[in-house]
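Counting from 1, the numbers follow the sequence of the chain as shown. For clarity, every value in this text was computed on a predicted model and none was experimentally measured.
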Amino acid sequence: MYKNLKGVIFSIDGVIATGVESNAVINNYLIFELGRLINYLLTNGLQPVVMANRDWTIGNQRLEDFVSNLWGNFPWYIANRGDMPYKPSREAINYVLEKMGWDDNETIYLGNSIDDMRTAVNGGILLLNTTWYCKNISYGFEFDSPHDVARFIDIFCLRKHFWHYSINQEGLEYYSLGPYSTYKPEFAIYSEDAKNTVKFGAGHPDFWTKYLLSTIYFSGLHKRIDLVAPYPGHKQGSTFNVIEEPMVTFTKCFNKAYLRDLVIRHTQSTKSAFARSSGQQVDHLNQLNTIRLNQYPFNPRGAGDKPYKNCPIKKGKTVLIVDDICTKGYSLEAARIYIEQTGAKVISLSWLKTINTDYAQIQDFSKFNPFQVNKFLAVDSVTRHPYKKYVLDPFAPEEIDSRLSEYDNWQWPTGI
């Protein structure tokens with residue numbers, strides 16, 4: 001179920017002030033900018049709250065009274081004042097969410113400490129790591145100014161349209177953010193940017209990864225998965241490098257794991273675009289016969305650069321497979337067929353889906369060993385899902401286009 005952002009939880013340490021609780025130190029410029037952020041939130045119908053374990057003081061005055069004189073009054077939840085549990089327990093987050101009437105994925109958390117990281121992870125809330133006083137932790141998406149937090153909220157969190165395209169039937173669950181076409185004017189600008197991002201290392205990788213991850217968060221998809229893996233490129237040994245760093249950050253926020261080398265390209269495959277231009281035909285076999293699974297992929301939560309000791313994909317787990325641009329679904333279907341051989345469930349998604357091209361789902365595949373190189377001669381049963389039937393939200397591409405155009409030059413709204 002899709003959620004809209006309702007509130008922002010502010011920690012104190014490293015967000016509003018620094019120093020120690022009994023003697024807070026503030027930066028006057030940051031306090032001014034934080035005031036603009038608070039004003040921006042309230043103007044957009046979003047509720048700020050402050051959450052801390054103890055009162056902070058600045059000089060002889062409570063920090064709450066000091067900033068309230070500047071920003072106005074809004075809720076402060078301080079654990080040592082009453083019955084609120086202490087951070088970083090899950091009960092602390094649940095207490096605030098219950099008092100405010102919010103769900104976890106209607107909320108984001110601004111923090112800068114190990115306690116903040118643990119609080120956000122325990123509460124299942126997206127952490128924005130505020131580094132404007134200093135960098136204390138490596139968790140969460142980093143923001144070096146309140147301006148950048150406001151931009152993130154405006155561009156990614158106040159959207160009305162999430163998945164453009166969705167198939168959810170007959171054992172297949174697939175999502176895409178928008179349609180792909182470099183020829184139709186209404187799709188061409190953002191489609192070119194996405195292509196340049198994944199193919200040539202240009203474009204706006206930060207925009208695309210945050211757009212995707214915020215959609216996963218506000219749609220609640222992150223709650224249903226255990227592991228995330230990229231689909232590799234066409235060349236032998238390649239992977240989807242653009243999303244690796246932000247995906248690792250995102251999955252750590254929710255105690256998941258990003259398996260960068262779960263799907264191995266053992267033999268170079270033929271690019272669909274090259275095949276079309278040269279008159280060749282490609283199908284599912286182009287992918288099925290050139291990939292395998294890594295039984296012991298790299299463990300991003302382990303000590304050092306070491307693989308898992310036991311295979312992390314198995315019955316009872318759900319794996320999210322991520323690709324860049326989907327045409328007929330040959331790549332995502334190959335990954336799904338291989339992963340389902342382990343007993344795990346699969347959810348597939350791509351940044352974009354090529355317009356007016358049906359998704360070709362593999363049906364009734366025989367049992368095989370997914371961890372070895374395989375040579376299949378045919379795919380016996382394929383169900384074709386008509387493109388137009390599965391367009392979920394026709395307004396999603398317009399929103400992608402407008403958000404991308406605003407991304408580079410976002411400024412505080414007039415009057416903030």
Could you check, using the six-membered ring where one of them is a Trp, whether [X] and [Y] have ring centers closer than 6.0 angstrom?
X	Y	value
F371	Y338	no
Y109	F10	no
W351	F240	yes
F207	F156	yes

Do other residues, nucleotides or ligands put more than 12 heavy atoms under 6.0 Å from the [atom1] atom of [X]?
X	atom1	result
K345	NZ	no
Q341	CD	yes
K223	NZ	yes
I189	CD1	no
N356	CG	yes

Salt bridge or not between [X] and [Y]? Use side-chain N to carboxylate O under 4.0 Å.
X	Y	value
D103	K6	no
K328	D358	no
E64	R81	yes
E399	K160	no

Counting N and O atoms only, with roles assigned by atom type, does the side chain of [X] sit under 3.5 Å from a partner on the main chain of [Y], one being a donor and the other an acceptor?
X	Y	result
T342	A344	yes
N53	K87	yes
D226	T318	yes
S181	K184	yes
S89	P85	no
T209	P246	no
T130	F143	no
T354	Y180	no
K235	T239	no
N44	L46	no

If every non-hydrogen atom of [X] is compared with every non-hydrogen atom of [Y], which pair is closest and at what distance?
X	Y	answer
V49	F74	CA-CD1, 4.2 Å
L127	M117	CD2-CA, 3.9 Å
D104	G124	CB-O, 3.9 Å
P48	P75	O-CD, 3.7 Å
I216	L320	CD1-CD2, 4.0 Å
G111	V15	CA-CG2, 3.8 Å

Modelled atom types, side-chain donor and acceptor of [X] and [Y], under 3.5 Å:
X	Y	result
W208	D193	yes
N196	H204	no
Y95	D83	yes
N122	T119	no
D116	S11	yes
R265	Q287	yes
Y133	N27	no
D393	H161	yes

Practice task
Look at the aromatic rings of H222 and F250 and report parallel, tilted or perpendicular, splitting at 30° and 60°.
Solution key: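 Rings of H222 and F250: perpendicular, over 60°.
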Practice task
Specify whether H385 and Y359 have parallel, tilted or perpendicular ring planes, treating 30° as the upper limit for parallel and 60° as the lower limit for perpendicular.
Solution key: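 H385 vs Y359 ring planes: tilted.
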Report yes or no: is the cationic atom of [X] (NZ for Lys, CZ for Arg) closer than 6.0 Å to the six-membered ring centre of [Y], at no more than 45° off its axis?
X	Y	answer
R151	Y407	yes
R159	F218	no
K252	Y139	yes

Problem - Derivation and outcome, side-chain contact (heavy atoms from CB on, under 4.5 Å), residues I108 and L5 - result: CA-CA 8 Å; I108 56 177; L5 182 64; 4.1 Å; yes
Practice task
Would you give the length of the straight line joining atom CH2 of W163 to atom NZ of K353, rounded to the nearest 0.5 angstrom?
Solution key: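 Those atoms lie 15.0 Å apart.
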Practice task
Would you give the length of the straight line joining atom CG of D364 to atom CG of D380, rounded to the nearest 0.5 angstrom?
Solution key: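 The distance works out to 9.0 Å.
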Exercise for the section: Just grab all the side chain to side chain donor-acceptor pair (under 3.5 Å) pairs involving residues 164-174, residues at least two apart or on different chains. Expected result: Q169-Y390, E170-Q363, E173-Y175, E173-R224, Y174-S350
Exercise for the section: Go through the steps for Y86 and E91 under the test side-chain hydrogen bond (donor to acceptor under 3.5 Å, both in side chains), then give the verdict. Expected result: CA-CA 8 Å; Y86 282 83; E91 289 74 18; over 6 Å; no
Exercise for the section: State, yes or no, whether a side-chain contact exists between E333 and L172 at a heavy-atom distance under 4.5 Å. Expected result: yes
Practice task
Determine whether D13 and N112 make a side-chain contact, defined as any pair of heavy atoms from C-beta on separated by less than 4.5 Å.
Solution key: no
Exercise for the section: For the pair H234 and T270, evaluate side-chain contact (heavy atoms from CB on, under 4.5 Å) and give the outcome as yes or no after the intermediate values. Expected result: CA-CA 7 Å; H234 294 272; T270 302; over 6 Å; no
